[in-house]
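Nothing fancy with the numbering, it's 1 onward along the sequence. Both ligands and their constituent atoms are indexed starting at 1 by order of listing. The basis for the numbers below is simple: all heavy atoms, side chains too, and nothing from hydrogens, waters or symmetry mates. This one's a predicted model, so the numbers in the text were calculated from it and none came from an experiment.
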Amino acid sequence: MDETDISFFKDGLRLDGRKADQLRPVKIEVGVLARADGSCYIEMGGNKVIAAVYGPREVHPRHLQEATRAIVRYRYNMASFSVEDRKRPGPDRRSQELSKVSREALEPVILTSFFPRSVIDVFVEVLQADAGTRTAGINAAAVALADAGIPMKSMISSCAAGKVADTIILDPMKEEDNFGQADLPIAMTPNGDITLLQMDGGLTPDEFQRAVEMAMKGARDIYELQRDALVKKYSQMVEQPGREEVHVCD
Ligand code: UDP
């Protein structure tokens with residue numbers, strides 16, 4: 001099957017009923033793992049992803065230590081049951097690439113110089129995949145870092161745009177990603193500083209411009225949801241009698 005075999009639009013709407021510039025439903029829950037320093041569960045459409053953050057803590061093996069800053073490790077892992085055709089467990093080239101670009105998307109906002117010789121470990125587990133797992137993972141990891149109390153210059157929010165049937169679309173789902181003409185994931189700060197930009201497929205300069213703008217708009221909307229999820233968790237903690245007071249800044 002290729003893109004010519006698929007009808008991506010019906011009555012102007014996409015296969016799942018969305019408009020071209022519409023995100024899939026997003027659900028974010030903070031602090032879902034008792035033994036992690038910070039954690040987050042996210043659903044973005046059919047993607048279900050969990051992120052756990054540990055640290056800053058001692059680096060093992062020790063030769064990885066940096067004298068002036070913390071190192072950040074990011075492990076993206078896709079569960080074998082997360083996709084239609086069982087995925088062979090363990091690391092592969094794809095998960096190594098996604099781990100690398102996701103770490104690089106987050107590292108610029110983490111104040112690593114506060115924690116010399118330590119490590120901040122980020123684990124991202126994809127439980128169910130439906131295209132956009134790297135963006136969902138980055139969104140969950142950024143919230144989990146904040147939940148762990150790691151000092152950050154800002155939040156990071158991530159979203160993809162794509163192209164199907166010569167139309168630029170927001171947040172492609174699996175059929176659109178697999179059989180579409182282009183996929184362009186980004187990650188950025190709330191100010192619009194981009195920390196990840198990748199592209200598969202082909203776009204004209206004008207389409208590229210529109211796809212980046214659309215993905216940035218999606219990331220801005222996701223930022224609001226990340227913020228709401230953090231505020232919700234910590235305002236509940238403050239309201240619970242007998243617990244240490246937590247101040248949440250705007
Ligand atoms: N996928 C799959 N098996 C794999 C890898 C990926 O079925 O071994 C699917 C999965 O739904 C994934 C999608 O293909 O979300 C797109 O993968 P891609 O490499 O583009 O990364 P993503 O869009 O998830 O960040």
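Residue Asn47 holds its CG atom at 8.0 Å from CD of Gln128, rounded to the nearest 0.5 Å. Atom CD of Glu125 and atom OG1 of Thr133 lie 12.0 Å apart (nearest 0.5 Å). One distance of note links CZ of Arg24 with CG of Asp130; it measures 5.0 Å at 0.5 Å rounding.
Considering only non-hydrogen protein atoms, atom 23 (O) of ligand 1 sits nearest to Gly132 N, 2.8 Å. Nearest protein heavy-atom neighbour of atom 24 (O) of ligand 1: Thr133 OG1, 2.5 Å. With respect to atom 16 (C) of ligand 1, the closest heavy atom belonging to the protein is Asp177 OD1, 3.6 Å. In terms of protein heavy-atom proximity, atom 1 (N) of ligand 1 is nearest to Val83 CG1, 3.9 Å.
The side-chain heavy atoms of Lys19 and Leu13, taken from C-beta on, include a pair separated by under 4.5 Å.
Distances between N or O atoms of Met78 and those of ligand 1 include no value under 3.5 Å.
Within the 6.0 Å centre-distance limit, the rings of Tyr54 and Phe123 are counted as a close aromatic pair.
Contacts with ligand 1 closer than 4.0 Å are made by side-chain heavy atoms of Lys174 only, the backbone lying farther away. Neither the backbone nor the side chain of Asp85 comes within contact range of ligand 1; no heavy atom lies under 4.0 Å.
A donor-acceptor pair under 3.5 Å links the side-chain atoms of Ser99 to the main chain of Tyr76, judged by distance alone. A donor-acceptor pair under 3.5 Å is formed between the side chain of Gln226 and the backbone N or O of Asn139.
Close approach of ligand 1 to Ala129 is summarised as follows: ligand atoms under 4.0 Å from at least one heavy atom of the residue are 10 (C), 11 (O), 15 (O).
Within the 4.0 Å heavy-atom cutoff, Glu84 does not count among the residues contacting ligand 1.
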